[in-house]
Engineer: 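Here you go, one structure.
Only a predicted model underlies this, so the values are computations on that prediction, with no experimental measurement involved. All residue numbers in this chain count up from 1 along the given sequence. Atoms within a ligand are numbered from 1 in the order they appear, just like the ligands themselves.
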Amino acid sequence: MKILAVAVRKGGVGKSALSFMEARHLAWSGLRVLAIDIDDQGHLSKPIRRSGKAVVADLTADRLFTDPEAAVPVAPFVLVPAGPGLAKLERQHENRNAFANNFRSALRRASASFDVCVIDTPPGVDIRLVAALVSASHVLSPIQLSDQSIGGIVQLLKDPQVGIERIKERLNPELTFLGILPNMVERNPNQAKGMSDLLGNPGYFSRLFSLVDEPKSAADICRIPKREVIRECHTEGLLPHEWKDKTAARDVWKELRPVLDRIGVRMGVMA
Ligand SMILES: Nc1ncnc2c1ncn2[C@@H]1O[C@H](COP(=O)(O)OP(=O)(O)OP(=O)(O)O)[C@@H](O)[C@H]1O
Ligand SMILES: [Mg+2]
């Protein structure tokens, strides 16, 4: 089982919307998908429940941290939903290692039953984020084209204790950083500047999530536009091709599908 953590240390950039769309898209494509919501806001759980497409586990995700024997049900598409206990984990400092170990072991036990697991993470540094990074095979970081959002990536990568580079070196050598994925991209001068800053900086350019293995130009870089259909689909639990306004949805799906497919390809679960 490949494990995707959607993570960045910045709120409101589209982690939950992206986790939701990717989990549903992979399941719709015929893969066995486990979706885990470790953010107590529940913005991955709510739309998946609403879609009616997944079996909802009767344990909440906090149990994956606290119960060394927690077991997830087996079905083609399973959601382990958020629960209020998630917000309390960080305060129990003395149990941090046990929480991370329990979470990692729960995923190992589930690994024969699923092709891929998608984890939506909270925006702050928290034992939940660390446990997800220690357990994941891949990380993807949506951002908005703003300075703070790009700063959130630098922190996610470089933090001396809990940054991806440190975790990879010390705890999880298998972890692959898939890249930075600009989301809610709009055509305005501010965003155009943000995009050209990213494209013009070799340190960032090489880390942008791209449509091809060796990106050469801006056209090779993935981005998700800001579209009302995406926001409404996230609320309603739908993928754009299921949306009622077929014309608007068709255009959005044309832009979105190659990105969602590429994530599957980079994780080795799609051809
Ligand atoms: N490409 C997009 N176009 C339009 N709306 C979007 C897009 N991506 C996300 N949204 C909407 O923006 C809002 C914030 O997105 P989301 O909840 O996914 O962010 P988040 O990073 O998970 O936030 P948090 O840090 O609070 O968990 C949501 O209403 C979501 O549906
Ligand atoms: Mg979220």
Side-chain angles (χ1 to χ4, degrees), residues 4-25 35-51 60-62 79-84 86-87 89-90 118-126 128-133 136 139-146 148-153 155-156 178-188 190-191 194-195 208-209 221-243 245 248-260 262-263:
L4 175 68
V6 178
V8 63
R9 284 167 58 179
K10 173 79 175 74
V13 294
K15 294 180 293 300
S16 301
L18 181 63
S19 314
F20 162 69
M21 292 188 292
E22 189 63 25
R24 276 224 51 212
H25 181 58
I36 304 181
D37 192 348
I38 61 172
D39 185 352
D40 40 289
Q41 298 182 95
H43 292 162
L44 171 65
S45 316
K46 282 176 206 154
I48 293 186
R49 276 186 200 274
R50 199 147 183 193
S51 76
T60 47
D62 47 307
L79 167 70
V80 181
L86 285 166
L89 299 173
E90 180 64 12
V118 177
I119 306 174
D120 183 25
T121 67
V125 184
D126 182 296
R128 292 171 285 170
L129 174 62
V130 176
L133 295 177
V139 197
L140 183 64
S141 299
I143 59 156
Q144 272 184 282
L145 294 170
S146 69
Q148 305 96 304
S149 182
I150 294 167
I153 292 279
Q155 283 180 317
L156 181 81
L178 288 180
I180 304 169
L181 174 55
N183 182 29
M184 301 195 222
V185 176
E186 293 175 277
R187 281 175 198 272
N188 65 37
N190 257 348
Q191 291 229 347
M195 195 67 193
L208 287 166
F209 185 63
I221 302 302
C222 292
R223 69 202 77 186
I224 300 178
K226 183 168 188 174
R227 296 280 183 267
E228 192 54 20
V229 173
I230 295 181
R231 198 186 59 75
E232 293 185 73
C233 281
H234 180 205
T235 307
E236 302 289 334
L238 298 171
L239 287 172
H241 55 80
E242 300 163 333
W243 187 246
D245 176 350
R250 196 179 312 120
D251 291 344
V252 170
W253 190 232
K254 221 164 42 191
E255 294 179 276
L256 197 56
R257 183 173 185 170
V259 178
L260 301 182
R262 177 72 180 158
I263 297 169

Engineer: Are side-chain heavy atoms of I119 and I38 found at a separation under 4.5 Å?
Structural biologist: yes
Engineer: Of all residues at least two apart in sequence or in a different chain, which pass the side-chain hydrogen bond (donor to acceptor under 3.5 Å, both in side chains) check with T60?
Structural biologist: D62
Engineer: Contact between R257 and H241 at the side-chain level, heavy atoms closer than 4.5 Å - yes or no?
Structural biologist: no
Engineer: Which heavy-atom pair separates L156 from S141 by the least distance, and what is that distance?
Structural biologist: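 Taking L156 first and S141 second, the nearest heavy atoms are CD2-OG, 3.1 Å.
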Engineer: Using a strict 4.0 Å threshold on nitrogen-to-oxygen distance, state whether E90 and R128 make a salt bridge.
Structural biologist: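 Salt bridge between E90 and R128, a charged N being under 4.0 Å from a carboxylate O: no.
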Engineer: Among protein atoms, how many N/O/S atoms lie less than 2.8 Å from the Mg ion (ligand 2)?
Structural biologist: 1
Engineer: Which atom pairs, donor and acceptor, lie under 3.5 Å between side-chain atoms of residues 42-49 and protein residues at least two apart or in another chain?
Structural biologist:
{"from": "S45", "atom 1": "OG", "to": "D37", "atom 2": "OD2", "distance (Å)": "2.6"}
{"from": "S45", "atom 1": "OG", "to": "A82", "atom 2": "N", "distance (Å)": "3.0"}
{"from": "K46", "atom 1": "NZ", "to": "Q41", "atom 2": "O", "distance (Å)": "3.2"}

Engineer: Test side chain to side chain contact (heavy atoms under 4.5 Å, CB included) on V13 and N183 and set out the steps.
Structural biologist: CA-CA 7 Å; V13 294; N183 182 29; 5.9 Å; no
Engineer: Can you tell if the side chain of L256 reaches within under 4.5 Å of the side chain of M21, non-hydrogen atoms only?
Structural biologist: yes
Engineer: When you look at Q191 and K226, which way does the side chain to side chain contact (heavy atoms under 4.5 Å, CB included) test go after all the steps?
Structural biologist: CA-CA 11 Å; Q191 291 229 347; K226 183 168 188 174; over 6 Å; no
Engineer: Could you list each N/O atom of ligand 1 together with any protein N/O atom closer than 3.5 Å, one pair per line with the distance?
Structural biologist:
{"from": "ligand 1", "atom 1": "1 (N)", "to": "N183", "atom 2": "OD1", "distance (Å)": "2.8"}
{"from": "ligand 1", "atom 1": "1 (N)", "to": "P225", "atom 2": "O", "distance (Å)": "2.9"}
{"from": "ligand 1", "atom 1": "3 (N)", "to": "R227", "atom 2": "N", "distance (Å)": "3.0"}
{"from": "ligand 1", "atom 1": "3 (N)", "to": "R227", "atom 2": "O", "distance (Å)": "3.3"}
{"from": "ligand 1", "atom 1": "8 (N)", "to": "N183", "atom 2": "ND2", "distance (Å)": "3.1"}
{"from": "ligand 1", "atom 1": "18 (O)", "to": "S16", "atom 2": "N", "distance (Å)": "3.2"}
{"from": "ligand 1", "atom 1": "18 (O)", "to": "A17", "atom 2": "N", "distance (Å)": "2.8"}
{"from": "ligand 1", "atom 1": "19 (O)", "to": "G14", "atom 2": "N", "distance (Å)": "3.0"}
{"from": "ligand 1", "atom 1": "21 (O)", "to": "G12", "atom 2": "N", "distance (Å)": "3.4"}
{"from": "ligand 1", "atom 1": "21 (O)", "to": "V13", "atom 2": "N", "distance (Å)": "3.0"}
{"from": "ligand 1", "atom 1": "21 (O)", "to": "G14", "atom 2": "N", "distance (Å)": "3.0"}
{"from": "ligand 1", "atom 1": "21 (O)", "to": "K15", "atom 2": "N", "distance (Å)": "3.0"}
{"from": "ligand 1", "atom 1": "21 (O)", "to": "K15", "atom 2": "NZ", "distance (Å)": "2.8"}
{"from": "ligand 1", "atom 1": "22 (O)", "to": "K15", "atom 2": "N", "distance (Å)": "3.4"}
{"from": "ligand 1", "atom 1": "22 (O)", "to": "S16", "atom 2": "N", "distance (Å)": "2.9"}
{"from": "ligand 1", "atom 1": "22 (O)", "to": "S16", "atom 2": "OG", "distance (Å)": "2.9"}
{"from": "ligand 1", "atom 1": "23 (O)", "to": "G12", "atom 2": "N", "distance (Å)": "2.9"}
{"from": "ligand 1", "atom 1": "25 (O)", "to": "G12", "atom 2": "N", "distance (Å)": "3.1"}
{"from": "ligand 1", "atom 1": "25 (O)", "to": "K15", "atom 2": "NZ", "distance (Å)": "2.8"}
{"from": "ligand 1", "atom 1": "26 (O)", "to": "Q41", "atom 2": "NE2", "distance (Å)": "3.1"}
{"from": "ligand 1", "atom 1": "27 (O)", "to": "D39", "atom 2": "OD2", "distance (Å)": "3.4"}
{"from": "ligand 1", "atom 1": "27 (O)", "to": "Q41", "atom 2": "NE2", "distance (Å)": "3.1"}
{"from": "ligand 1", "atom 1": "31 (O)", "to": "H234", "atom 2": "ND1", "distance (Å)": "2.7"}

